[in-house]
There are 2 protein chains.
Amino acid sequence: MKNRLKVLRAERDWSQAELAGRLDVSRQAVNAIETGKHDPSLPLAFRIARLFGLRIEDIFIDDGDTP
Amino acid sequence: MKNRLKVLRAERDWSQAELAGRLDVSRQAVNAIETGKHDPSLPLAFRIARLFGLRIEDIFIDDGDTP
DNA sequence: TGACTATGTCAAGCGCACCTGACATTTTGT
DNA sequence: ACAAAATGTCAGGTGCGCTTGACATAGTCA
C-alpha cells in the first residue's frame, strides 16, 4: 500500500508533526505511514482524506500485495 | 463507522460465508464488520470496494465517532 | 422429524496500528 | 559555524483486526 502523503504534505508545506497534530495522531504514526512501515486504520484513512479534500483511493494506492 | 455490506451482499444473494470466501477472510470477520463490532483494515476495505465495484466512501460511512 | 444452511457469538491467540519517550541524523536558517 | 527544526528510528506497551474452533439458534426442505 503506497500513498501520496509526503507530496500532499509538501504542497501545503506542513511538517510531519503539524500533519500529525491535524490528524490527532502521533508524529511517529505519520512517519510510519509515509515511509510505508504500516497502513493506517480505516478511520484514520477517512480523516486523512477529509483533511486533504480527496478520496481515499486518490491518496492510497492498493498495490494488492495482500494475496 | 457504518457500512452497507449487508445490503450489497443481499443484492447479490450471497451468504456471509460466500462473501468471506471472495474476500479471502474468515466468515467471522465478515460478520463482525457487518454487525459493527470492528472496522476492516484499509487493505480489506480496498478488497471489499473492488469486489463490489464501488468506492470505499460509497460502502463505509465515517460517522466521525473517533474524535 | 431430521438434516442442512445461515447467522450470531464466545474464547484464545497472533500480528499490526498506534502510543510515549528517547536518541541520532539530516536539513534549514541566521 | 552554530542552533534549531525536521526526520528517522528504536524500545516497550496497549488495543484491535483477524484467525481457528466450537456452540446455539432460527429457517428451509425432503
Selection: residues 7-22 of chain B, any non-hydrogen atom under 4.0 Å of DNA chain C: B:R9, B:S15, B:Q16
Rounded interatomic separation in angstrom, taking CE from A:M1 and C1' from C:dC16: 14 Å
Whole-Å gap separating C1' (C:dT27) and NZ (A:K6): 12 Å
Any idea which heavy atoms bring [X] and [Y] closest together, and the distance?
X     : Y     : value
B:R4  : B:I61 : CG-CD1, 4.1 Å
B:P43 : A:D39 : CG-OD2, 3.3 Å
B:F46 : A:F60 : CZ-O, 3.4 Å

Rounded distance [0.5 Å steps], CD in B:Q28 versus CD in B:Q16: 9.5 Å
Carboxylate-amine/guanidinium contact A:R9 A:E34, below 4.0 Å: yes
Any B:V25 side-chain heavy atom under 4.5 Å of B:I33 side chain: no
Contact state string [nucleotides 9-19 of chain D, B base, S sugar-phosphate only, - no protein heavy atom under 4.0 Å]: B-------SSB
CA sep, side-chain torsions, deciding dist, call: A:L19, A:L5, side-chain contact (heavy atoms from CB on, under 4.5 Å): CA-CA 10 Å; A:L19 174 57; A:L5 262 193; 4.2 Å; yes
side-chain contact (heavy atoms from CB on, under 4.5 Å) between B:N3 and B:I48, intermediate numbers included: CA-CA 11 Å; B:N3 69 74; B:I48 293 170; over 6 Å; no
